[in-house]
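For reference, the structure is listed below as structure tokens.
Numbering of ligands and ligand atoms starts at 1, following listing order. Nothing fancy with the numbering, it's 1 onward along the sequence.
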Amino acid sequence: MLTAIVGINWGDEGKGRMVDLLSREYDVVVRYQGGNNAGHTVVNERGKFILNLLPSGILRDETVNVMGPGMVIDLEHLCGEVQRLREGGITVTPEHLKISDRATICMPYHKLLDCLEEDRLAGKKFGSTRRGIAPVYADKYMKKTLRMGDLLDLDNLEERVAGIVEWKNLTVEKGYGHTPIETKEMMAWLREFGLVWKDYICDTTAFLTEAADAGKSVLFEAQLGALRDIDYGIYPYTSSSSNIAAYAPIGSGIPAKRLDSVVGIMKAYSSCVGEGPFTCEYFGKEAEDLREAGGEYGAATGRPRRVGPFDVVASKYGVAVQGATEIALTKIDVLGYLDKVPVVTAYEIDGERTTQFPTGERLNRAKPVIEYLEGFGDLSKCRKKEDLPKAALDYVAYLEKAVGCSIRYVSVGPERDAYVKMY
Ligand code: GDP
């Protein structure tokens with residue numbers, strides 16, 4: 001059974017919590033794209049953990065976790081993340097963490113370039129997390145990056161690193177006027193933060209093919225949501241990689257395999273970190289109340305998130321591009337304080353109504369059309385379908401019809417057991 005678990009919206013849908021729940025049923029959990037630019041928050045009986053790079057299955061001893069070739073890995077960050085998990089009592093060994101030899105290394109100069117460019121843009125910035133993700137993916141496609149497998153041969157790497165450093169300094173020093181980067185420092189960084197992963201690096205294609213052929217179940221875990229996908233998202237306010245389900249086998253190492261199902265994580269309201277068009281956005285007190293109720297602050301950055309009502313137009317599009325076969329609806333309990341629950345049912349663009357998600361300048365001009373459904377009160381104690389009040393069932397049924405996909409799970413709290421299985 002090969003399943004992808006992906007975000008339907010702008011990210012931060014509560015994927016970490018759902019992967020933590022669902023990964024129980026899977027032998028292997030794989031991250032297939034992105035780096036440490038986003039974070040999953042998982043609360044379980046061992047505590048609260050923020051995962052930026054590691055697959056969420058890392059919190060279970062019996063799950064094997066894979067970081068696929070589609071990922072970009074900041075070695076220093078990985079060291080810190082693993083150390084924090086170990087301090088929290090989590091075991092991380094080569095038996096249950098496999099890192100692809102084809103995954104790309106995110107170097108300190110990628111982070112530096114990200115910061116230099118954001119500073120140059122000043123008021124016009126894109127809202128980068130400054131973790132080097134766009135520069136490292138750009139270099140990947142320029143074919144000038146180091147990959148995890150190179151760490152196995154570090155002693156023979158100096159010449160290549162020197163060539164890359166020389167090329168990078170054309171931008172760092174001659175372009176931005178910053179002090180040049182140095183080969184010696186880069187080699188020292190690779191040694192300090194890279195060599196510890198030697199035993200974890202392997203051919204994940206061989207590992208995953210064997211696992212899938214042996215009938216093992218594999219869960220592919222994405223970062224961010226459909227609307228941040230480099231091709232299908234709100235470009236240029238997207239991440240720098242493909243996070244949609246169709247990329248899962250490619251970014252993991254098994255391009256010839258087909259997914260059996262795609263679980264779309266969809267939030268009962270909207271939230272978004274950083275810049276870019278966000279048609280359903282609330283401002284003022286309405287925004288503050290929703291942000292407070294949902295605790296909407298970035299897991300990786302602590303930034304307050306922009307919030308708004310559920311957006312049918314964007315979510316229907318998200319479900320379509322992800323090819324979701326079922327949905328897990330999250331954070332519905334957060335809306336318990338509302339007497340009437342707002343929903344964006346259409347966009348108005350240049351005086352015309354549409355339910356087709358637009359792109360480019362048309363998206364920037366879109367205005368939300370809001371309708372209200374009945375409020376449903378506190379749902380946080382509900383565990384069975386029968387526990388849900390009629391108004392909540394109506395809200396779920398309304399969303400299913402609006403986005404064209406069935407909702408299998410309704411999450412009513414951050415704790416592992418705080419959910420209702422609908423069928
Ligand atoms: P992710 O990156 O998609 O995992 O999203 P976040 O990092 O924003 O995590 C979502 C946050 O909401 C975490 O603090 C979760 O513990 C919490 N959370 C997840 N699902 C629910 C839910 O159904 N209700 C409530 N109240 N909180 C939730």
Side-chain angles (χ1 to χ4, degrees), residues 4-23 29 31 33-59 81 129 219-228 239 243 263-274 289-307 310 315 318 322 327-338 376-383 387-388 392 395-396 399 407-422:
I5 186 158
V6 294
I8 294 300
N9 310 114
W10 296 263
D12 307 311
E13 295 93 348
K15 282 187 300 300
R17 171 251 189 296
M18 286 312 297
V19 178
D20 182 57
L21 179 70
L22 298 179
S23 63
V29 179
R31 270 277 309 268
Q33 48 75 229
N36 57 321
N37 47 325
H40 275 327
T41 317
V42 181
V43 183
N44 65 20
E45 63 280 353
R46 288 166 159 185
K48 179 173 177 175
F49 300 97
I50 293 182
L51 302 174
N52 299 129
L53 279 167
L54 293 162
S56 305
I58 200 78
L59 302 176
E81 196 169 317
T129 51
L219 189 65
F220 301 92
E221 170 188 17
Q223 183 199 39
L224 297 166
L227 299 164
R228 299 292 189 187
S239 63
N243 58 31
V263 182
I265 311 297
M266 187 170 90
K267 199 151 155 171
Y269 56 94
S270 302
S271 73
C272 156
V273 177
D289 290 349
L290 186 51
R291 187 177 301 120
E292 267 323 296
E296 294 297 343
Y297 300 89
T301 58
R303 287 190 280 187
R305 291 177 183 151
R306 300 157 76 189
V307 292
F310 184 85
S315 304
Q322 291 288 16
I327 282 175
L329 183 70
T330 57
K331 300 194 91 164
I332 191 170
D333 55 301
V334 168
L335 302 178
Y337 73 97
L338 292 163
F376 32 72
D378 181 16
L379 303 181
S380 62
K381 304 282 179 310
C382 299
R383 295 293 178 270
D387 298 339
L388 291 171
Y395 187 64
V396 171
L399 298 188
I407 295 176
R408 186 191 283 255
Y409 302 95
V410 175
S411 172
V412 294
E415 305 82 16
R416 198 175 260 179
D417 71 334
Y419 71 97
V420 175
K421 198 165 176 186
M422 302 298 283

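Side-chain atoms of Arg408 and Leu329, non-hydrogen and from C-beta on, never get closer than 4.5 Å to each other.
When all heavy atoms of Arg17 and Glu415 are compared, the closest pair comes out as NH2-O, 3.0 Å. When all heavy atoms are compared, the tightest approach of Asp333 to Leu379 is CA-CB, 4.5 Å.
Of all atoms in ligand 1, numbered sequentially from 1 with element shown, those under 4.0 Å from a heavy atom of Gly16 are 1 (P), 4 (O).
With a 4.0 Å heavy-atom cut-off, ligand 1 is reached by no atom of Ile265. Heavy atoms of Asp12 found under 4.0 angstrom from ligand 1 belong to the backbone as well as the side chain.
Across Met18, Arg305, Lys331, Arg416, heavy-atom proximity to atom 27 (N) of ligand 1 is greatest for Lys331. Of the options Ala418, Ser411, Pro414, the smallest heavy-atom separation from atom 18 (N) of ligand 1 is shown by Pro414. When the options Glu415, Lys48, Arg17 are ranked by their closest heavy atom to atom 20 (N) of ligand 1, first place goes to Arg17.
For ligand 1, the polar-atom distance check finds an N/O of Gly413 within less than 3.5 Å of one of the ligand's N/O atoms. Considering backbone and side-chain N/O atoms, Lys15 comes within less than 3.5 Å of an N/O atom of ligand 1. The distance criterion of under 3.5 Å between nitrogen or oxygen atoms is met by Gly14 with respect to ligand 1.
Taking OG from Ser23 and CG from Leu219, the interatomic distance works out to 7.0 Å, rounded to the nearest 0.5 Å. Rounded to the nearest 0.5 angstrom, Glu221 CD and Ile5 CD1 are separated by 7.5 Å.
Taking the six-membered ring where the residue is Trp, Phe310 and Tyr395 present perpendicular rings, their angle passing 60° and hence far from 30°.
The residues Arg383 and Asp417 are annotated as salt-bridged, a charged nitrogen and a carboxylate oxygen being separated by less than 4.0 angstrom.
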